[in-house]
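One structure is given below, encoded as structure tokens.
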Amino acid sequence: MIEAQPLEQHVPTGKLKGRTALVTGGGGAIGGAIARLYAMEGANLLVCDVDPGKAADTAAAIVKAGGRATPCVTDVSKPEDCARAVKLAAETYGNIRILVNVAAAVIPDGTVVDLAFEDWNKAFAVNLSGPFLMCKHTIPEMRKAGGGSIVNIASQLGQLAVPKRSPYCSSKAGLIMLTKAMAIDHAAENIRVNSLSPGAIDTPRALWRYNGDLAAARKARGPMYLLGRPGKVEEVAYGALFLASDESSFMTASDLLIDGGYIAHKTLETKTVDGPRA
Ligand SMILES: NC(=O)c1ccc[n+]([C@@H]2O[C@H](COP(=O)([O-])OP(=O)(O)OC[C@H]3O[C@@H](n4cnc5c(N)ncnc54)[C@H](O)[C@@H]3O)[C@@H](O)[C@H]2O)c1
């Protein structure tokens, strides 16, 4: 089966040369892959993550590979952190042209009866208010730079509900709609806004449901996908590169679904095993 090449084998062509990109959740699996790929393509990276060690690790890996990156401890649910991150990127690199909102909260499974109100609020504070705040502070910088591209990492579960994930599904559906609404508001300023909805991707976030066992996760989740397997972080990162680059210059207000055919499969087959949990 064909799979995207590992990032180490990527041949850069300078698609993002000289542009500055902020990536929230940049210390995580998908955010880290996006940040690394953007840096390979010539971008200056501000790696934002609430976890200082993870932000530092991604930034260090980029610098070690010859790229430019600065870690920034950022809790995207805090307005002052988002303002500080954008200011740091502007002062360090200038020319802010790209924002990728990747950070997402981990919320326990449960129905609305089971869940605490705090769980609901946390999902929305990180998954939806976080992108709002980052966009609020980044868009004025993009105006100065003459335009930009915002990529919001949503989920297939923003389009399809699964059991006991109401805060996650609702916040991701909200993010897809926030994307469209912002795209309308900022198109005339040459700022494009798109979302990218991954299906289940093999990351630790998804694997904890299978006790970290990659083989077990693949076996359980593979049959849910038309392509017979979950996705890889590179396969999301390449989509995020397309959306950030000029190659997607006629795209705004879109949701790019990278789900291995999962949503179509679900539509065709109503009698299925338990849904994916990413
Ligand atoms: N992995 C999947 O299967 C999958 C599927 C669909 C969508 N997604 C989405 O992709 C994104 C990344 O997922 P991942 O699997 O790489 O997860 P991950 O847990 O590896 O990465 C998430 C990162 O966000 C950071 N983070 C959490 N709260 C934060 C906050 N308040 N402020 C800043 N950073 C914060 C974490 O420290 C972590 O580094 C998420 O938005 C997730 O919803 C993932």
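When a ligand or atom number is given, it counts from 1 through the structure's own listing order.
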Which of the atoms of ligand 1 are close to Gly27, meaning less than 4.0 Å from one of its heavy atoms? 39 (O)
Measure Thr203 to ligand 1 on non-hydrogen atoms and call it side chain, backbone, both or neither using the 4.0 Å cut-off. side chain
With a 4.0 Å cut-off on heavy atoms, is Ala125 in contact with ligand 1? no
Applying a heavy-atom cut-off of 4.0 Å, say which part of Val50 lies close to ligand 1: side chain, backbone, both or neither. both
Rounded to the nearest 0.5 Å, what separates atom CG in Leu196 from atom CD1 in Ile153? 4.5 Å
How far does CG of Asp49 sit from NZ of Lys54, to the nearest 0.5 angstrom? 6.0 Å
Gln156 contact mode with ligand 1 (heavy-atom cut-off under 4.0 Å): neither
Heavy atom under 4.0 Å from ligand 1: found in Asp202's side chain, backbone, both, or neither? neither
With the side chain counted from C-beta on, respond yes when Tyr168 and Ile107 share a heavy-atom pair under 4.5 Å apart, and no when they do not. no
Spacing of OG belonging to Ser166 relative to CG belonging to Asp109, to within rounding of 0.5 Å: 10.0 Å
Would a 4.5 Å heavy-atom cut-off, applied to side chains only, mark Thr138 and Ile150 as touching? no
Report yes if some heavy atom in the side chain of Glu247 is under 4.5 Å from a heavy atom in the side chain of Lys15; otherwise report no. yes
Asn101: side-chain hydrogen bond (donor to acceptor under 3.5 Å, both in side chains) partners, not counting sequence neighbours: Asn152
Please check whether Val126 reaches ligand 1 - meaning an N/O of the residue sits under 3.5 Å from an N/O of the ligand, judged on distance alone. no
If we only count N/O pairs under 3.5 Å, is Lys172 in contact with ligand 1? yes
Check whether any side-chain heavy atom of Glu41 sits under 4.5 Å from a side-chain heavy atom of Lys17, and report yes or no. no
Looking only at distances, can you tell me whether any N or O atom of Ala103, backbone or side chain, sits closer than 3.5 Å to an N or O atom of ligand 1? no
For ligand 1, which is the ligand I care about here, please tell me if Tyr168 has any N or O atom under 3.5 Å from one of the ligand's N or O atoms. yes
Determine whether the side chains of Thr20 and Asn95 contain a donor N or O and an acceptor N or O closer than 3.5 Å. no
Suppose I only count heavy atoms of Asp75 and a 4.0 Å limit; which atoms of ligand 1 are within that range? 30 (C), 31 (N), 32 (N)
Connected hydrophobic set around Leu207, excluding itself, where side chains approach under 4.5 Å: Leu214
How far does CD1 of Ile139 sit from CG of Leu99, to the nearest 0.5 angstrom? 8.0 Å
Nitrogen or oxygen atoms of Ala105 and ligand 1 under 3.5 Å apart: no
Using heavy atoms and a 4.0 Å limit, tell me yes or no: is Thr24 in contact with ligand 1? no
Of the side chain and backbone of Ala154, name the one, both, or neither that has a heavy atom under 4.0 Å from an atom of ligand 1. backbone
Side-chain donor-acceptor pair present, Gln159, Tyr262, cut-off under 3.5 Å: no
Going by atom types alone, do Thr111 and Asp114 pair a side-chain donor with an acceptor below 3.5 Å? yes
Pull out every atom of ligand 1 sitting under 4.0 Å from any heavy atom of Ser155, numbered as shown with elements. 6 (C), 7 (C)
State the atoms of ligand 1, each with its element, that fall below the 4.0 Å cut-off from a heavy-atom position in Ala200. 3 (O)
Do Arg19 and Tyr93 touch side chain to side chain, with heavy atoms closer than 4.5 Å? no
Using distance alone, determine whether Ile201 and ligand 1 share an N or O pair under 3.5 Å. yes
Residue Ile153 vicinity, atoms of ligand 1 by number, heavy atom under 4.0 Å: 9 (C), 10 (O), 11 (C), 41 (O)
If you take the nearest heavy atom of each of Ala55, Ala104, Gly28, which one is closest to atom 21 (O) of ligand 1? Gly28
Per-atom filter on ligand 1: closer than 4.0 angstrom to a heavy atom of Ala29 are 16 (O), 20 (O)
Decide whether an N or O pair under 3.5 Å exists between Gly31 and ligand 1. no
Would you tell me which option among Asp49, Leu175, Val102, Asp51 has the nearest heavy-atom contact to atom 36 (C) of ligand 1? Asp49
Under 4.0 Å from a heavy atom of Lys54: which atoms of ligand 1 are those, numbered in the order shown and with their elements? 37 (O), 38 (C), 39 (O)
